[in-house]
Chemist: 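Shown below is the structure under consideration.
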Amino acid sequence: MPTGPIIKEGFPLIGAMLLLAVGMAYFGYYSIAIIFFILALFFANFFRNPKRVIPTDADAILSPADGKVMEIANVYENLYLHRECKKVTIFLSVFDVHANRAPIDGKITYRQYTMGRFLPAFKEEVGFENERHTICIENEKTEVLVTQIAGLLARRIVSWTDLDSQLERGQLYGMIKFGSCTEIYMDKDVEICIEKGQHVTAGDTIIGRLSHE
């Protein structure tokens with residue numbers, strides 16, 4: 001589980017770019033060295049792991065990802081929950097933090113990884129056709145289904161948990177490399193606290209609250 005300011009999966013890429021930059025500079029290819037140095041900075045930025053202040057509201061459902069809210073809809077979830085739900089779709093650009101965080105406390109009661117294509121993450125059909133990883137997190141109050149979806153540049157979905165893992169709200173549980181989309185399905189009576197087009201941050205932004213009616 002990542003704990004430092006840079007996610008460990010980024011170290012090989014950052015290190016390779018820095019070595020190439022030093023090598024090119026040593027042989028006098030300064031322009032190429034600058035390009036590799038810029039790439040090293042890009043990878044360091046992409047794999048960053050900023051600290052987040054996790055809200056203490058027990059009824060809050062947190063955003064599982066950084067990015068722009070592309071859709072808020074009432075849908076029927078037919079993969080695992082099999083009921084009417086509220087769905088929020090978040091698009092992550094290559095400049096967003098790509099580490100995903102648990103939206104609620106709970107146990108992972110379902111997990112499915114699906115191979116697929118690599119369509120652009122903003123296309124509507126990516127949730128059905130692209131590589132994706134879905135987990136359900138359940139506690140005594142509710143359960144949510146979260147799907148990591150690979151995008152045009154993404155080629156690997158990383159998971160740091162397994163079935164029956166116990167997650168704390170805001171805990172890192174995985175990431176998607178290089179451009180992606182995250183979907184979260186919640187109970188239909190959840191009060192949505194965000195708007196379409198809003199930028200949200202994982203483990204920090206409250207996207208919904210449980211209803212007690």
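Here, residue 1 is the first one in the sequence, and each next residue gets the next number.
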Chemist: Any salt bridge linking Lys87 with Glu183? Criterion: basic side-chain nitrogen under 4.0 Å from a carboxylate oxygen.
Modeler: yes
Chemist: If only side-chain N and O atoms count, and only distance matters, is there a donor-acceptor pair under 3.5 Å linking Asp66 with Thr201?
Modeler: no
Chemist: Do Glu131 and Tyr113 get their side chains close enough for a donor-acceptor pair, meaning under 3.5 Å?
Modeler: yes
Chemist: Looking at side-chain heavy atoms only, is the closest gap between Asn100 and Ile176 below 4.5 Å?
Modeler: yes
Chemist: Say you draw a straight line from CZ of Phe95 to CG of Asn45; how long is it, rounded to the nearest 0.5 Å?
Modeler: 8.0 Å
Chemist: Taking it one step at a time, do Asp59 and Lys141 satisfy salt bridge (charged side-chain N to carboxylate O under 4.0 Å, His left out)?
Modeler: CA-CA 9 Å; Asp59 293 326; Lys141 293 182 178 180; 3.3 Å; yes
Chemist: Measure the spacing between CD1 of Ile135 and NE2 of His133 and express it to the nearest 0.5 Å.
Modeler: 6.5 Å
Chemist: Do Lys107 and Asp164 sit within salt-bridge range, that is, some charged N less than 4.0 Å from a carboxylate O?
Modeler: yes
Chemist: Under 3.5 Å, is there a donor-acceptor pair linking the side chains of Thr134 and Thr147?
Modeler: yes
Chemist: Using a strict 4.0 Å threshold on nitrogen-to-oxygen distance, state whether Arg83 and Asp187 make a salt bridge.
Modeler: yes
Chemist: So Tyr185 and Val144, do their side chains get closer than 4.5 Å, heavy atoms only?
Modeler: no
Chemist: In terms of side-chain heavy atoms, does Tyr110 have a donor or acceptor partner in Gln112 at a distance below 3.5 Å?
Modeler: yes
Chemist: Do the side chains of Thr89 and Cys181 get nearer than 4.5 Å, heavy atoms only?
Modeler: yes
Chemist: Mind listing the closest non-hydrogen atom pair of Met175 and Gln148 along with its distance?
Modeler: N-NE2, 3.4 Å
Chemist: Charged N to carboxylate O below 4.0 Å: is that the case for Glu168 and Arg101?
Modeler: no
Chemist: Indicate, with yes or no, if Val88 and Ile206 share a hydrophobic cluster defined by side-chain heavy-atom contacts under 4.5 Å among Ile, Leu, Val, Met, Phe, Trp and Tyr.
Modeler: no
